[in-house]
Amino acid sequence: PGGAAAAPLPEEDCMKLNPSFVGIALRSLLAIDLWASKRLGVCAGEGSAWGSARPLMKVIEVSGHGIPWLLGTFYGLCQSDSSAAREVLLNLLFALLLDLLMVAVVKGLVKRPRPTHNKMDMFVTISVDKYSFPSGHATRAALVCRFVLRHLVLAVPLRVLVVLWALIVSISRVMLGRHNMTDVLFGLLLGYALYGVVEHCWLSPATAPALFALW
């Protein structure tokens, strides 16, 4: 009847018509993230704005990959004849393994797909590498940067180069179209935090005698 009151909307429809401020803000940030990441993917393909720099970006990609770091650290550990150096390298190996584990866990939980403009021609990938969040390269770059600055005695120019390397590796992930900006930012924060875990669980002959007995 014309004078009858309108039936109340189901609760879920009310929620759709009156989305929360937090929901709107998150969707807006996500949209900005996707838009800006695509604009900054200037090396995502050979035909991109900076496509000629793509080979250089891929070299930078390899420099931040886990496999070269793991192999290099393990080789140094086997060749080292200094107990102090072995302690540092063993903890770096622990840090790199922890990094791989945490990134794999978060990727598997979040399952954010890679940007649509990414070319899946990455250097040595595993199953969870089809996911984007967080950037393992950025996580590793932040972790290694903090580790090196803390445990290696370097001249100021070399310390600056280490920081620049971490930043360039992280930026290259967006430029290559591998990740969105939030993937990289969270990766940097995660890597920074993981270093704190490594310091807290520092392996030494006193705390892990069985490990040091192997070397």
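Just so we're clear, the structure is a prediction, and the values are computed from it rather than from any experiment. This chain uses plain numbering: 1 for the first residue, then up along the sequence.
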**Student:** Kindly give the heavy-atom pair with the smallest separation between Ser80 and Leu89, and that separation in Å.
**Tutor:**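 Looking at all heavy atoms of both residues, the closest pair is CB-CD1, 4.3 Å.
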
**Student:** Under a 4.0 Å threshold between the charged nitrogen and the carboxylate oxygen, would Arg178 count as salt-bridged to Glu61?
**Tutor:** yes

**Student:** Taking side chain as C-beta onward, heavy atoms only, is Leu152 less than 4.5 Å from Leu158?
**Tutor:**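 Not in contact.
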
**Student:** Less than 3.5 Å apart, any donor N or O on the side chain of Ser132 or Asp183 sitting next to an acceptor on the other?
**Tutor:** yes

**Student:** Is it the case that the side chain of Arg140 and the backbone of Gly64 share a donor-acceptor pair, with hydrogens and angles ignored and the cut-off at 3.5 Å?
**Tutor:** yes

**Student:** Quick check: closest heavy atoms across Ser37 and His117, and the distance to 0.1 Å?
**Tutor:**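 What the structure gives for the nearest pair is O-NE2, 3.8 Å.
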
**Student:** Quick one: CG on Leu167 to SG on Cys145, what's the gap to the nearest 0.5 Å?
**Tutor:** 7.5 Å

**Student:** Using atom types as modelled and distance alone, determine if a side-chain donor or acceptor of Arg114 lies under 3.5 Å from a backbone N or O of Asp129.
**Tutor:** yes

**Student:** Looking at Ala138 and Val184, what are the two nearest heavy atoms and their distance?
**Tutor:** CB-O, 3.6 Å

**Student:** Would you say Trp202 has more than 12 foreign heavy atoms packed within less than 6.0 Å of its CH2?
**Tutor:** yes

**Student:** Quick one: closest heavy-atom pair of Ser172 and Ile60, and the distance?
**Tutor:**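 Of all heavy-atom pairs spanning Ser172 and Ile60, the closest is OG-CG2, 3.8 Å.
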
**Student:** Verify, without hydrogens or angle tests, whether Asn180 (side chain) and Leu34 (backbone) share a donor-acceptor contact under 3.5 angstrom.
**Tutor:**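 No; zero donor-acceptor contacts below 3.5 Å.
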
**Student:** Is it possible for you to say whether Trp50 and Leu56 belong to one hydrophobic cluster, with membership spreading through side-chain heavy-atom contacts below 4.5 Å?
**Tutor:** yes

**Student:** Can you measure from CG (Leu176) to OG (Ser48) and round to the nearest 0.5 angstrom?
**Tutor:**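 Rounded to the nearest 0.5 Å, the CG-OG separation comes to 9.5 Å.
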
**Student:** Do Thr73 side-chain atoms and Trp69 backbone N/O form a donor-acceptor pair below 3.5 Å?
**Tutor:** yes

**Student:** Membership question, hydrophobic clusters at under 4.5 Å side-chain separation (ILVMFWY): are Leu188 and Tyr195 in the same one?
**Tutor:**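 In one cluster: no.
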
**Student:** Measure the CZ-CG distance between Phe147 and Asp99 for me, rounded to the nearest 0.5 Å.
**Tutor:** 12.5 Å

**Student:** Heavy atoms only: give me the nearest Val198-Asn91 pair and the separation to one decimal.
**Tutor:**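 Val198 and Asn91 have their closest heavy atoms at CG1-O, 4.1 Å.
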
**Student:** Quick one: CG on Leu71 to NE2 on His65, what's the gap to the nearest 0.5 Å?
**Tutor:** 10.5 Å

**Student:** Taking atom CZ of Arg112 and atom OG1 of Thr182, what is their separation to the nearest 0.5 Å?
**Tutor:**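 Spacing of CZ (Arg112) from OG1 (Thr182) equals 3.5 Å.
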
**Student:** Quick check: do Val128 and Val105 have side-chain heavy atoms less than 4.5 Å from each other?
**Tutor:** no

**Student:** Roughly how far, to the nearest 0.5 Å, is NE2 of His179 from CG of Leu40?
**Tutor:** 14.5 Å

**Student:** Treating Ile, Leu, Val, Met, Phe, Trp and Tyr as nodes and any side-chain heavy-atom pair under 4.5 angstrom as an edge, say whether Leu190 and Val174 lie in one connected cluster.
**Tutor:** no

**Student:** Run Val162 and Val144 through side chain to side chain contact (heavy atoms under 4.5 Å, CB included) and show every step you take.
**Tutor:** CA-CA 9 Å; Val162 170; Val144 169; over 6 Å; no

**Student:** Does the side chain to side chain contact (heavy atoms under 4.5 Å, CB included) test come out yes or no for Thr139 and Val106, once each step is laid out?
**Tutor:** CA-CA 12 Å; Thr139 305; Val106 177; over 6 Å; no

**Student:** Any link between Leu185 and Leu29 through a network of hydrophobic side chains (Ile, Leu, Val, Met, Phe, Trp, Tyr) touching at under 4.5 Å?
**Tutor:** no

**Student:** Check Tyr192 against Ala142 and note the closest heavy-atom contact, atom names and distance.
**Tutor:** N-CB, 3.9 Å

**Student:** For residues Leu77 and Tyr75: do they belong to one hydrophobic cluster (side chain heavy atoms under 4.5 Å, members Ile, Leu, Val, Met, Phe, Trp, Tyr)?
**Tutor:**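 Shared cluster, no.
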
**Student:** Look at atom NZ of Lys119 and say whether more than 12 heavy atoms of other residues, nucleotides or ligands are closer to it than 6.0 Å.
**Tutor:**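 Counting neighbours around NZ of Lys119, more than 12 heavy atoms of other residues, nucleotides or ligands fall under 6.0 Å, so yes.
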
